[in-house]
Amino acid sequence: MLNMSDTQNAIREEAKKALESRGVTLVIGWGAGSVPFKTTPVFINKSEDVDKLVWNPACVNNLAVYLPKLAKNSRVGIVAKPCDIRSIVTLIQEKQVKRDNLFIIGLGCRGVVDAQNLEDQDFHLQDVLAIDWVEARLKVTTTSGEHLLECSDCLREMCLVCTKRTPAIYDVSLGEAVEPVEVKGCALPELPEERRKYWSEQFAKCIRCYACRQVCPNCYCEQCFADRIEPKWTAKKATTEESWMFHATRAMHLAGRCIGCGECSRVCPVDIPVAELMSEMSRLVEKKYGYQAGDPDEELPVLGQYKQDDVDPAQHGG
Amino acid sequence: MTEQTLTQEPEIAEAPKTGEWQPTILGILCNWCSYAGADLAGSARLKYPETIRIVRVPCSGRVDPMFVLKGFQKGFDGVMVLGCHPGDCHYAKGNYYARRRIALVKDLLATLGIPEERFHFEWVSASEGNRFAQLVAEFTDKIRKLGPFAGVGAK
Amino acid sequence: MPDKVLTKSNIKEFLGFLLVRFSVVAPVPGKEGPAEFREIGSDDEPILDGSKMMLPPKDYLLPRYEVLLRVTKDKEQTKVESTLPEDKPRVILGMWLPDAQGIQVLDRVYLSGKFTDPYYGARRKNSLLVAVVPERPRWSWFCGSVDDVETWKPNVEAIMYDLGDRYYIEQTSDKGAPLVEGSFLADPIDADIAKKNEVWDRFKNHSILGFADKKLYENLSWEDPIWAEIADKCIGCGMCSYTCPTCTCFDIQDETCGSCTDRYRCRDTCQFEDFTLMGAGHNPRHNQLPRSRQRLLHKFQYQHEQYGIVGCTGCGRCVELCPVNVDIRDILNRVCSRKREEEAPA
């Protein structure tokens, strides 16, 4: 099995080739973070800098978020996991970026690690020296020894339910996909009133930092509905009702577009399961219309089309 | 559905008593069919509950899911969206797009725990004044039985 | 001033003792997510050892949403009411020492100068601040790099050091006497004092970084190339500002419903695109570069110029929570080491 450092070298090679001979002016990828259990987005425009690119279990960020701005008028290379690539597919579909302006270095994936999940383990984060996959477990090397963690203890939440681990589109495909050991489902309360209370408690925590929105590649609107004051769809104050309106509307806006990377849940400072709500809408779209978000064979967004035999939600009689 | 002449009043299951809580219902009606139908109910002097607040839009395809969500956020006890029958849209296709949007709004409401009985979506044509009045009466009745909506933020 | 030791098994007694005379504010865990400061009752189980991520005490002193005044209009008259929070004796327990120091920055902004904020003042004036130093500092803290933390001690009324099965309570100002009264408290023995010093030294010497000996406010410049680097990856959310113990920007909005209008204050951040957006459409900080530059220059330079205090206390939340790993320690290190290189004799 290919190990990650082989893939890392291949990424650097491809990035170098892209910059030198494929007309690419910038490569977006992950670089070493300020601590061993994080990475950070890097923007490489010189081929001598490609050694900054890394590929390790901490490569969480969905880098497609930078494309609408950076790939507007120039050819940009991007190192992308399968979920990131599904975001790229939706951006192409929605005409935010042209396929010709992209050089996609696609990667087979086994899930990525949410640094916050490493907090409550039996080692201290400041003692961590490196993290790496060893077969199906995450090996955390610290100053006091090695610790092995199960996937379910450290992976980003949406990775636990992800079965699409190969790139849908790419110019180069590297690395190897590893299917999940088990697929965890999400559990919302059954009864409507319990569900209503559940979400009411979750949205009461919301501080309206908009990290979930900013990190999402599909939230590229130049003026978000939440920032409008005429009409004021939702006020700026972080009360439960206003935050409910923000998240409910955003869920509607992402229906059939959210590809379920789970970055929104990862970045939420108050642990609201945003991704559960957003990706639920895409799951329902798939069930109702057979439409998969991030499917490169779809030409139009799901709400931008209709079929004569669409399920009719009309009721008859009050 | 039984044939009803314009002079026949729709049945209202329970007449409201004064002082009792009345539901507040938001109705979003498309101009060419359902709003005209409501207008017809009015000009025929058909009685239907005063619980409904009607907002007129050009087409059911104009109905932004946000309108429905905003209604519940602001505390309406029930929300109703009415449009032209498929095939009869004044703008040819508007209601086809509405079908998908409204179906997904219903799913979203279910995911968020808003009881599906509080949202109603139906096709009502311009000639169906009687049916409109009946609809509002029945929906009001249903909401009255459900009680006031606790609100999206209530714990 | 006498120090005392509180065995953790006596926590309920300790809280009960304080609850008789004070409103007690402490971090309380919620439904997943970080703990938040709020007033507690005798049934609550606050987190007093500073061991978990929590939102800063600024969220109690300056609530995220606060109605400043309410205008109601009827046929006869127009009524304007403003309700100040109750100015009652409070004790704020369980805050990290960098958060307690952060309150010093809030005090400069809201209570110094000609205009003082009465809403903030009502909550702050009669509040005793009690900081906690956990057994091990959080990995992201860098307090010792931004300031001499010994000078922080008199800014709180007492410090609780977590010694494992007990707390060492050090009264650090005259007003802190109520924290060391109570018959359930013991006098410290030599072993307690030694352990407490160990805990303090671990905190004090934690994460002394390359910029520690430099005056940060002198090193950051308008033209620094680092702003572009940050702006490239910063996605412009409000996470850093909203979770920061010293960031104070707010928006004031009027909301009318029928014949009643509320004027309220809510959070805002210089990192949002529309923060400097003007009515005619002009936006002086129209992309991320000026916004990132603004935040850091404000924290490390302007606030020092204005108030003589650096606007960062090293609590590390921005370091831990930033979605794209913009690490302020890294930035300051690089800026200062570059300055050192420039200034080094050729």
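All chains are named by letter (A, B, ...) in the order of the sequence lines, taking the proteins before the strands, and each is independently numbered beginning at 1.
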Notebook entry, point to check: Looking only at atom types and distance, does a side-chain atom of B:Arg144 sit under 3.5 Å from a main-chain N or O of B:Gln22, one as donor and one as acceptor?
Noted result: no
Next item on the list: Check each atom of A:Leu277 against the heavy atoms of chain B and say whether the ones under 4.5 Å are side chain, backbone, both or neither.
Entry: side chain
Notebook entry, point to check: Name the one of A:Cys258, A:Cys216, A:Pro217 that satisfies side chain to side chain contact (heavy atoms under 4.5 Å, CB included) with A:Ser87?
Noted result: A:Pro217
Item checked: Heavy-atom proximity to chain A below 4.5 Å, by part of B:Lys155 -> both
Notebook entry, point to check: Highest number of heavy-atom pairs under 4.5 Å with chain A: which of B:Val124, B:Ile114, B:Val105, B:Thr140?
Noted result: B:Val105
Next item on the list: Check the angle between the aromatic planes of B:Trp123 and B:Phe121 and answer parallel, tilted or perpendicular using the 30° and 60° thresholds.
Entry: perpendicular
Check: Do the ring planes of B:Tyr97 and A:Tyr306 sit parallel (below 30°), tilted (30 to 60°) or perpendicular (above 60°)?
Finding: perpendicular
Check: Of all of B:Glu117, B:Glu116, B:Lys93, which one pairs up most often with chain A through heavy atoms under 4.5 Å apart?
Finding: B:Lys93
Notebook entry, point to check: Are the ring centres of A:Phe246 and A:Phe203 closer than 6.0 Å?
Noted result: no
Notebook entry, point to check: Taking every heavy-atom pair that is under 4.5 Å apart, which of A:Thr240, A:Leu284, A:Thr234, A:Thr239 has the most such pairs with chain B?
Noted result: A:Leu284
Next item on the list: Flag the pair B:Phe149 / B:Phe76 as yes when their ring centroid distance falls below 6.0 Å, and as no otherwise.
Entry: no
Item checked: For chain B, the option from A:Met281, A:Glu201, A:Lys197, A:Arg195 that forms the most heavy-atom pairs under 4.5 Å -> A:Arg195
Margin query: Donor-acceptor check, side chain of A:Lys81 to backbone of A:Cys109, threshold 3.5 angstrom: yes or no?
Written below: no
Item checked: Salt-bridge contact A:Arg213-A:Asp227 (side-chain N to carboxylate O under 4.0 Å) -> yes
Next item on the list: Select all residues of residues 52-65 of chain B having any heavy atom within less than 4.5 Å of some heavy atom of chain A, and report them by number, or 'none'.
Entry: B:Pro65
Note to self: Out of A:Glu241, A:Lys307, A:Glu193, A:Arg196, return the one with the most heavy atom pairs under 4.5 angstrom to chain B.
What the structure shows: A:Arg196
Notebook entry, point to check: When the ring planes of B:His90 and B:Trp32 are compared, do they come out parallel, tilted or perpendicular, using 30° and 60° as the limits?
Noted result: parallel
Item checked: Side-chain donor or acceptor of B:Asn95 paired with backbone N/O of B:Gly83 under 3.5 Å -> no
Next item on the list: May I ask you to decide whether A:Glu242 forms a salt bridge with A:Arg208, counting only side-chain N to carboxylate O separations under 4.0 Å?
Entry: no
Next item on the list: Below 4.5 Å from any heavy atom of chain B, which atoms of A:Trp244 appear? Answer side chain, backbone, both or neither.
Entry: side chain
Next item on the list: Go through the atoms of B:Ala98 and report whether side chain, backbone, both or neither lie under 4.5 Å from a heavy atom of chain A.
Entry: neither
Margin query: Can you pull out every side-chain hydrogen bond (donor to acceptor under 3.5 Å, both in side chains) where at least one residue sits in residues 247-258 of chain A? Sequence neighbours excluded, please.
Written below: A:Glu94-A:Arg257
Check: So what's closer than 4.5 Å to chain B heavy atoms on A:Glu194: side chain, backbone, both or neither?
Finding: neither
Item checked: Per-residue contact mode, A:Tyr198 against chain B (heavy atom under 4.5 angstrom) -> neither
Note to self: For A:Ala248, which atoms come within 4.5 Å of any heavy atom of chain B: side chain, backbone, both, or neither?
What the structure shows: both
Check: Under a 4.5 Å heavy-atom cut-off, does chain B meet the side chain of A:Lys288, its backbone, both or neither?
Finding: side chain
